[in-house]
Amino acid sequence: MVLSRWDSGDFTLLISGPLLAELHRILRYRHLRPLHGLEDHEIDHVVALMKDTAELVETAQSLQFIIHDPSDNMVLECAVAGGADVIVTGDKKHLLPLGSYSGIPIVSPAGFLAMLDAQGAR
């Protein structure tokens, strides 16, 4: 799991304030609960942990690149502002089909884990 690899120090997580708020909101979606299995207090804990330990990125540029789901632009804004090496997402509708943005590869969580394994991180 990606979060456990982050917890192990295998990579630096970049996050922005708007992305933290979005994550807090979407993790509470009823249709996502079976996928992550987290209760409200656990969601609060994960988001607080990210806020406290991830690298908080200030996004100066507001993108209007993804028209059909403008909130996805926050991911791109954070990655560009933070100088990310890779964007990791499960968004198969708007982000993954891009393949990359501004020279930053966009990969699935499984693809990212494979990248970490290939680099010998663990």
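Only a predicted model underlies this, so the values are computations on that prediction, with no experimental measurement involved.
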**Student:** Between His24 and Val46, is any pair of side-chain heavy atoms under 4.5 Å apart?
**Tutor:**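 Of all side-chain heavy-atom pairs linking Val46 with His24, none is under 4.5 Å.
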**Student:** Are Phe65 and Val107 grouped together when hydrophobic residues (ILVMFWY) are joined by side-chain heavy atoms under 4.5 angstrom apart?
**Tutor:**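 Per the 4.5 Å side-chain linkage, Phe65 and Val107 are co-clustered.
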**Student:** Run the side chain to side chain donor-acceptor pair (under 3.5 Å) test against Asp52 and tell me which residues pass, sequence neighbours left out.
**Tutor:** none
**Student:** Hey, what do you get for CG (Asp40) to CZ (Arg28), rounding to the nearest 0.5 Å?
**Tutor:**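 It comes to 4.0 Å.
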**Student:** Would a 4.5 Å heavy-atom cut-off, applied to side chains only, mark Thr89 and Val75 as touching?
**Tutor:** no
**Student:** Should the ring pair His68 and His94 be called parallel, tilted or perpendicular, given that the plane angle runs from 0 to 90° and is split at 30 and 60?
**Tutor:**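 Judged by the thresholds at 30° and 60°, the geometry between His68 and His94 is parallel.
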**Student:** Going by heavy atoms in the side chains, are Leu27 and Glu42 under 4.5 Å from each other?
**Tutor:** no
**Student:** Please round to the nearest 0.5 Å and tell me the distance separating atom OG1 of Thr59 and atom CG of Leu76.
**Tutor:**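 Atom-to-atom, Thr59:OG1 and Leu76:CG are 11.5 Å apart.
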**Student:** Are more than 12 heavy atoms, taken from residues, nucleotides or ligands other than His45, located less than 6.0 Å from that residue's NE2 atom?
**Tutor:** no
**Student:** Cluster partners of Val57, using ILVMFWY side-chain heavy atoms under 4.5 angstrom, listed by chain and number?
**Tutor:** Leu14
**Student:** Indicate yes or no: at least one non-hydrogen side-chain atom of Val88 is less than 4.5 angstrom from one of Trp6.
**Tutor:** no
**Student:** In this structure, are over 12 heavy atoms from other groups packed under 6.0 Å from Asp85 atom CG?
**Tutor:**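 Incorrect, the count does not exceed 12.
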**Student:** What residues, two or more places apart in sequence or in another chain, satisfy salt bridge (Lys or Arg N to Asp or Glu O under 4.0 Å) together with Arg25?
**Tutor:**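 Here the qualifying residues are Glu22.
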**Student:** Nearest 0.5 Å, please: how far is CE in Met74 from CG in Asp69?
**Tutor:**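 Those atoms lie 8.5 Å apart.
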